[in-house]
Protein chains: 2
Amino acid sequence: MAESNANIFKAIDAERRGTSFEEVVMQLREMIHRGELRPGDRLPPERDLAKQLGVSRPTLRAGISSLAAVGVLQPRRGAGTFVVEAEGPPTLDSSALRLMASLQRFTPAEMFEARRSLEMSIAALAAERATGEQMAEMSEEITGMFASLDEPEQFLVHDMRFHQTVAAASGNRILTALMNMVATILFEVRSKTVRRARDLKESAEMHRAIYRAIRDRNPEAARDAMRDHLMLAQAAQEQEEELD
Amino acid sequence: MAESNANIFKAIDAERRGTSFEEVVMQLREMIHRGELRPGDRLPPERDLAKQLGVSRPTLRAGISSLAAVGVLQPRRGAGTFVVEAEGPPTLDSSALRLMASLQRFTPAEMFEARRSLEMSIAALAAERATGEQMAEMSEEITGMFASLDEPEQFLVHDMRFHQTVAAASGNRILTALMNMVATILFEVRSKTVRRARDLKESAEMHRAIYRAIRDRNPEAARDAMRDHLMLAQAAQEQEEELD
DNA sequence: AGATGGCTCTTGGTCATACCAATCGACTTT
DNA sequence: AAAGTCGATTGGTATGACCAAGAGCCATCT
């Protein structure tokens, strides 16, 4: 029969021809990859772009939604759709990881361990590469921690900034982005539990140990200090959760 | 004027009321987080779900597109939309990282370094936790490498499977997922360059060194062996690129 | 002349509706 | 009973319209 022939052809032709909207996503990605779209650029209006790509506006919008979901595009009503600015610390959208955590039932211990692995590597790299400026910034954040031992909220800000600075000093933006992904999720958990001021002084001391190791250009010591710090932080977190 | 009053109220009321389609995404995410939607589950038909959530079908579809973009939902035409099965190695969609690489101009050296950091941690963990079964699997893949020294394509398959097995043995699915993200992108680069058979034997030997360290429950040795292996792989890759 | 307010146009956000295409299942036929 | 067929279900796309929020222009007022 002719129909079975058609099926055969379909099977042969099974080069996974994506749906039309996947085609749009691919087109846009390639435009970005080829540098035709640079950070901060504005895309043509949806109506024009849809015509230009030969698809309907809803289809185009589905593609834009996908790219917006991964944090690459940023539509602003009335203004246009923009390629996201690559400013500040590189951040990958953590929603994907958060959803995967829900689906696969990741344990907090697993997440802490992942963060520890990332930050230990980052600390070691920072010890090799940190500039004087970055080290000064770390020092300032530690000073800020000691100055806010009785203001947990403020302390947390300095804490996060310190880790950001170390990550920047590592010179590896990918590790930085991955660390941010994991840290964001852990932070959401942490912000739910009451922050007790008890351990803050000890925490600040451990940050100082990390800083000293980096300042002394001692990667192994930096790695160990970071491990000690995060192990303690995890223990404190788990202790707090038991009390709820 | 009444209008300026309205503006004032608007400013006060600035509780960042997300767009309607973001509301949909949030609803779906919470359903997943609360366990109402489990891996493999099928969502209600779009027409029904749209009515249920009080939005139009295009809006709902935009939300589904977003979640599909991060690999959580998987629409199948004619069948329905499913929550993705959490089977096999955990894999986060790498498109986000790939796009970020384009936007921020990540260097290959940076990506190699990120992979190295991740896999060194993974190897150390695997040395502590690998089961006998997993070690046997590693051994088999190494055998496969030696058996395909003159078939680069086949060798590469065993290579990748070995690293997958080590990652699984690490017991940390987050690190595994992150490693896969980075490795996927590097693999895309690698598959473009011609694979020369010259170094395959040496590569296989280094894999064996990793395996032995894991078998001996020696985390430090495993970490070092993994570092040596990936450093050499990077050097070989860079050498090949010079020849193009 | 400069600043300020409002107006209008651009542009993303939403909706309703219709039709196409792939899949699945029940029914019919052999 | 097995296999093919047809129809219902369901995601994919298209058209067209309207709403809402910025942005920029212009007229008015100071």
Side-chain angles (χ1 to χ4, degrees), chain A residues 1-11 13-28 40-69 72-84, chain B residues 1-11 13-28 40-69 72-84:
Chain A
M1 299 175 185
E3 284 151 11
S4 47
N5 273 339
N7 283 337
I8 291 173
F9 278 118
K10 192 179 65 179
D13 188 24
E15 50 166 336
R16 301 305 300 145
R17 204 201 147 274
T19 66
S20 181
F21 112 86
E22 285 171 342
E23 183 70 21
V24 171
V25 174
M26 203 170 307
Q27 292 246 16
L28 290 174
D41 277 3
R42 180 181 138 177
L43 268 64
E46 293 186 350
R47 291 161 179 81
D48 298 351
L49 187 55
K51 189 170 295 184
Q52 181 181 329
L53 294 180
V55 299
S56 71
R57 206 179 142 214
T59 302
L60 171 68
R61 280 183 59 76
I64 291 178
S65 292
S66 295
L67 291 174
V72 176
L73 296 183
Q74 183 176 335
R76 294 215 301 267
R77 188 179 339 193
T81 300
F82 297 83
V83 180
V84 74
Chain B
M1 301 174 186
E3 286 151 9
S4 47
N5 272 338
N7 284 336
I8 292 173
F9 280 118
K10 191 179 68 178
D13 189 22
E15 51 166 336
R16 301 305 299 145
R17 207 202 143 274
T19 67
S20 182
F21 113 85
E22 286 170 343
E23 182 70 20
V24 171
V25 174
M26 202 170 308
Q27 292 245 18
L28 290 174
D41 278 4
R42 179 181 138 174
L43 268 64
E46 293 185 353
R47 291 162 180 82
D48 299 350
L49 187 56
K51 189 169 296 182
Q52 181 181 329
L53 295 179
V55 298
S56 72
R57 204 179 146 213
T59 301
L60 172 67
R61 280 183 59 75
I64 291 179
S65 292
S66 294
L67 291 173
V72 175
L73 295 183
Q74 184 176 335
R76 293 215 302 267
R77 186 180 338 193
T81 299
F82 297 83
V83 180
V84 75

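Each chain gets a letter, A, B and so on, in the order its sequence line appears, and its residues count up from 1.
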*Asks:* Would you kindly give the NZ-to-C1' distance between A:Lys51 and C:dT11, to the nearest whole Å?
*Replies:*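 Whole-Å distance recorded here is 15 Å.
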*Asks:* Give me the atom names and distance for the closest heavy-atom approach of A:Pro75 to A:Ile64.
*Replies:*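 In this case the closest contact between A:Pro75 and A:Ile64 is CG-CG2, 4.4 Å.
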*Asks:* B:Leu43 and side chain to side chain contact (heavy atoms under 4.5 Å, CB included): which partner among B:Val83, B:Leu67, B:Leu60?
*Replies:*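 For B:Leu43, the side chain to side chain contact (heavy atoms under 4.5 Å, CB included) test succeeds with only one of B:Val83, B:Leu67, B:Leu60, which is B:Val83.
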*Asks:* Send over the distance from B:Arg42 CZ to C:dT23 P, rounded to a whole Å.
*Replies:*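 Those two atoms, CZ and P, are 14 Å apart.
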*Asks:* For A:Thr81 and C:dG12, is the shortest distance between a side-chain N/O and OP1 or OP2 below 4.0 Å?
*Replies:*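 So the side chain of A:Thr81 is within the cut-off, an N or O lying under 4.0 Å from OP1 or OP2 of C:dG12.
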*Asks:* Output the rounded distance in Å from CG (A:Leu60) to P (D:dG12).
*Replies:*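 Whole-Å distance recorded here is 16 Å.
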*Asks:* What is the distance from CZ of A:Arg61 to P of D:dA14, rounded to the nearest Å?
*Replies:*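 Computing the A:Arg61:CZ to D:dA14:P distance gives 15 Å.
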*Asks:* In this structure, how many angstroms lie between the P atom of C:dT11 and the CZ atom of A:Arg76, rounded?
*Replies:*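 Computing the A:Arg76:CZ to C:dT11:P distance gives 14 Å.
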*Asks:* Could you tell me whether the phosphate oxygens of C:dC15, OP1 or OP2, come under 4.0 Å of any side-chain nitrogen or oxygen in B:Thr59?
*Replies:*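 Looking at the OP1 and OP2 atoms of C:dC15, one of them is under 4.0 Å from a side-chain N or O of B:Thr59.
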*Asks:* Between C:dT11 atom P and A:Asp48 atom CG, what is the distance in whole Å?
*Replies:*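 In whole Å, C:dT11 P lies 7 Å from A:Asp48 CG.
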*Asks:* Within this structure, what is the CZ-to-P distance between B:Phe82 and D:dT9, rounded to whole angstrom?
*Replies:*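 Distance, rounded to whole Å: 16 Å.
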*Asks:* Below 3.5 Å, does any donor atom in the side chain of A:Arg57 face an acceptor in the base of C:dG13, or the other way round?
*Replies:*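 Such a pair exists between side chain and base.
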*Asks:* Between A:Val55 and A:Arg77, just flag the one whose closest nucleotide in DNA chain D comes earlier from the 5' side.
*Replies:*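 With A:Val55 and A:Arg77 compared, the 5'-side residue is A:Val55.
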*Asks:* If you check the A:Glu46 side chain, which of C:dG13, D:dG11, D:dG22 turns out closest?
*Replies:*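 That would be C:dG13.
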*Asks:* Calculate, to the nearest 0.5 Å, the distance between atoms CG and CZ belonging to A:Asp48 and A:Arg57 respectively.
*Replies:*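 Separation between the atoms: 10.5 Å.
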*Asks:* Where the side chain of B:Arg42 meets the backbone of B:Ala79, is there a donor-acceptor pair that is under 3.5 Å apart?
*Replies:*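 Yes; at least one donor-acceptor contact below 3.5 Å.
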*Asks:* Measure distances between side-chain N and O atoms of A:Arg47 and base N and O atoms of D:dG16, and say whether any donor-acceptor pair falls under 3.5 Å.
*Replies:*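 Not at all, since no donor on one side and acceptor on the other fall under 3.5 Å apart.
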*Asks:* How close do B:Phe21 and B:Ser66 get, heavy atom to heavy atom, and via which atoms?
*Replies:*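 For B:Phe21 versus B:Ser66, the nearest heavy atoms are CE1-OG, 3.3 Å.
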*Asks:* Return whichever of B:Gly54 or A:Pro45 has its heavy-atom-nearest nucleotide of DNA chain C closer to the 5' end.
*Replies:*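 Between the two, 5'-proximity favours A:Pro45.
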*Asks:* Return the value, rounded to whole Å, for the distance between atom CG of A:Leu73 and atom P of C:dT11.
*Replies:*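 One finds 17 Å between P of C:dT11 and CG of A:Leu73, rounded.
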*Asks:* For A:Gly78 and A:Pro58, find the nucleotide of DNA chain C closest to each by heavy atoms; which residue's nucleotide sits nearer the 5' end?
*Replies:*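 With A:Gly78 and A:Pro58 compared, the 5'-side residue is A:Gly78.
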